[in-house]
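Note that the structure is a prediction, hence the values are computed from the model and not measured. Chain letters run A, B, ... following the sequence lines, proteins first and then strands; every chain starts at 1.
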There are 2 protein chains.
Amino acid sequence: MAEIRSPDTRERILDTAEQLFMNHGFDGTSMRQITTGAGVNLAAVNYHFGTKEELMRAVFRRRLDGLNEARLQALDAMEQDAGGKPLKPSQIVDAFFGTLLRMGDDEVRGGRTFLRLLGRTLTDPSEFISTFLAREYAQVVERFKEALFKALPDVPKAEIVWRVHFMLGATSYAIAGTDALRVVTDWEIEPADTEDRHDRLLERLMSFLLGGLRAPLPQFSPPSGAAP
Amino acid sequence: MAEIRSPDTRERILDTAEQLFMNHGFDGTSMRQITTGAGVNLAAVNYHFGTKEELMRAVFRRRLDGLNEARLQALDAMEQDAGGKPLKPSQIVDAFFGTLLRMGDDEVRGGRTFLRLLGRTLTDPSEFISTFLAREYAQVVERFKEALFKALPDVPKAEIVWRVHFMLGATSYAIAGTDALRVVTDWEIEPADTEDRHDRLLERLMSFLLGGLRAPLPQFSPPSGAAP
DNA sequence: CTATAGTTAAAACGAACGTATGAATTAATT
DNA sequence: AATTAATTCATACGTTCGTTTTAACTATAG
């Protein structure tokens with residue numbers, strides 16, 4: 001029987017690039033690192049993807065498409081159940097962030113590696129990345145926000161938008177810095193195994209996010225003329 | 001009269017580097033961009049700072065030293081006032097994050113540019129940056145956490161550590177993405193002037209952070225064998 | 001077996017990178 | 001005014017970068 005020469009070059013490249021981008025960023029990763037890491041020829045990336053930027057986009061699309069679809073499905077199902085009634089904030093937050101975090105346990109659909117890549121990349125300085133992510137995310141974030149507007153009718157929309165932003169930040173750090181934490185301050189808490197730690201992360205993060213989302217509204221210091 | 005040739009080359013380099021690093025990241029910024037942007041010779045950076053990495057460190061130190069000192073002073077003053085009694089969480093959060101955010105208004109001590117650079121850099125993939133920041137931050141974060149441990153004696157320390165991490169993430173996004181938000185979703189809220197928007201950011205963020213910090217503790221799903 | 005499309009291989013391209021060098025210039029000291 | 005130290009300058013070095021090119025290989029189809 002013929003031995004398998006290359007178990008799909010494209011996929012090998014994507015896997016390696018995903019990992020390297022996570023560890024060293026886009027600008028910090030060279031094509032030569034990628035190709036030698038994947039055990040393929042240097043020209044393979046340009047042949048299969050055209051350019052380095054296009055490779056990056058492919059890395060994200062491979063994971064984000066399924067994720068965002070799952071998020072929308074979760075939201076759809078909930079709204080179906082609710083039958084016109086507004087959802088609970090906790091449901092919405094779980095549909096968005098919970099679905100994301102749980103993806104980290106699904107090794108075949110990306111696993112922790114992509115999660116951390118995503119967490120880091122949301123603040124990546126490269127122009128094309130942020131615009132790409134913005135485009136790719138826009139519809140989902142919009143849906144998510146609309147649901148929150150409905151669920152929290154007496155919270156000003158501007159406030160909700162900001163808090164979504166804050167939640168994204170907290171989540172990004174939760175994902176990206178599972179070990180960055182350990183660097184900043186050596187600690188000794190919970191020697192529990194990794195799986196366990198990740199499970200708990202989800203619940204920890206969720207209660208933090210919900211606490212922030214439902215926090216009392218800030219009263220701005222000088223009203224400077226009472227509202228009508 | 002002799003005209004001023006170069007109003008301190010070092011400072012011009014630091015200013016330009018700070019801005020470029022913020023916009024394009026460390027790897028995405030070249031020495032030639034920096035030097036031509038600052039209007040100095042290419043070799044000036046290596047002469048004054050030695051290496052590109054050392055320049056980056058200088059950029060951070062110039063701002064972080066003062067900031068962290070101010071944070072510690074704020075905390076010291078509060079603890080002085082309290083006289084042994086634990087502080088209120090809101091005080092501690094303000095001493096750490098409030099001092100940071102207010103730095104954005106102080107154009108002479110860094111201004112918004114450095115704030116955004118810092119926000120982005122906390123998730124930077126470059127190894128030397130994270131280790132540098134970890135070292136530079138360690139003492140302050142430690143002090144801050146200790147204060148929180150005292151202020152919230154019945155919250156498990158592990159939980160507090162995580163929530164500090166989440167708060168850092170939310171703050172990082174609050175700072176870095178004041179306009180990234182506008183990209184993700186075009187909105188129309190509050191045409192208020194910039195100064196005003198930034199003032200409000202502080203208050204918005206603070207109530208979100210405190211809401212998250214004081215959120216009810218998560219109860220972990222399957223105890224998998226009842227606790228003793 | 002031979003044409004044909006798809007993929008991989010080795011090598012090279014020019015451009016841009018961070019850094020180093022040694023002369024020219026400016027400022028300070030005597 | 002002469003000497004020394006500090007800074008700026010133009011230029012070059014050796015690497016590494018992303019991409020391209022052209023030839024070799026592999027497989028499928030006629």
Applying side chain to side chain donor-acceptor pair (under 3.5 Å), can you list everything that pairs with B:D76, at least two apart in sequence or on another chain? B:R143

Just the rounded figure in Å: distance from P of C:dA24 to OH of B:Y47. 18 Å

Heavy-atom closest contact (A:F149 atom, A:V161 atom, distance): CZ-CG2, 4.0 Å

May I ask you to decide if the ring planes of A:Y173 and B:H165 are parallel, tilted or perpendicular, using 30° and 60° as cut-offs? tilted

Using modelled atom types only, decide if a donor and an acceptor are shared between the side chain of A:T29 and the backbone of A:G25 within a distance under 3.5 Å. yes

At less than 4.0 Å, is any side-chain N or O atom of B:N46 found next to OP1 or OP2 of C:dG18? Yes or no. no

Enumerate donor-acceptor pairs with a distance under 3.5 Å from any side-chain N or O in residues 57-64 of chain B to protein atoms, sequence neighbours excluded.
residue	atom	partner	partner atom	Å
B:R57	NE	B:E54	OE2	3.4
B:R57	NH2	B:E54	OE1	3.4
B:R62	NH1	B:E11	OE2	3.2
B:R62	NH1	B:D15	OD1	3.0
B:R62	NH2	B:D15	OD1	3.0
B:R63	NE	B:E18	OE2	2.8
B:R63	NH2	B:E18	OE1	3.1

Contact list please: residues 16-25 of chain B against DNA chain D, heavy atoms, distance less than 4.0 Å, in numerical order. none

If you find the nucleotide of DNA chain D closest to A:A43 and the one closest to B:A43, which residue's nucleotide is nearer the 5' end? B:A43

So, does B:T16 use its side chain to make a donor-acceptor pair with the main chain of B:I34 at under 3.5 Å? no

Give the rounded distance in Å between these two atoms: CZ of A:F128 and C1' of D:dG18. 13 Å

Indicate whether OP1 or OP2 belonging to C:dT19 is found under 4.0 Å from a side-chain N or O atom of B:T51. yes

Looking at A:T9, does any N or O in its side chain come under 4.0 Å of the phosphate oxygens OP1/OP2 on C:dT7? no

Take atom CG of B:N41 and atom P of D:dT8, then tell me their distance rounded to the nearest Å. 9 Å

What is the distance from CD of B:E54 to P of C:dT19, rounded to the nearest Å? 11 Å

Under 4.0 Å: is that the gap between some side-chain N or O of A:H48 and OP1 or OP2 of C:dT8? yes

Does the structure place the NZ or CZ of A:K52 under 6.0 Å from the centre of the six-membered ring of A:F26, at an angle of no more than 45° from the ring's axis? yes

In this structure, how many angstroms lie between the P atom of D:dG18 and the CG atom of B:D27, rounded? 11 Å

Salt bridge (Lys or Arg N to Asp or Glu O under 4.0 Å) contacts in which one or both residues fall within residues 162-173 of chain B, not counting sequence neighbours: B:E159-B:R163

Separation of D:dC17 C1' from A:I34 CD1 (nearest whole Å): 12 Å

How many Å lie between CZ on B:R12 and P on D:dT7, as a whole number? 16 Å

Whole-Å distance separating the CE atom of B:M56 from the P atom of C:dT19: 14 Å

Please, which pairs that meet salt bridge (Lys or Arg N to Asp or Glu O under 4.0 Å) have at least one residue in residues 123-139 of chain A, sequence neighbours excluded? none

Could you list all N or O pairs between the protein and nucleotides 12-17 of chain C that sit under 3.5 Å apart?
residue	atom	partner	partner atom	Å
C:dC17	OP1	B:S30	OG	3.4

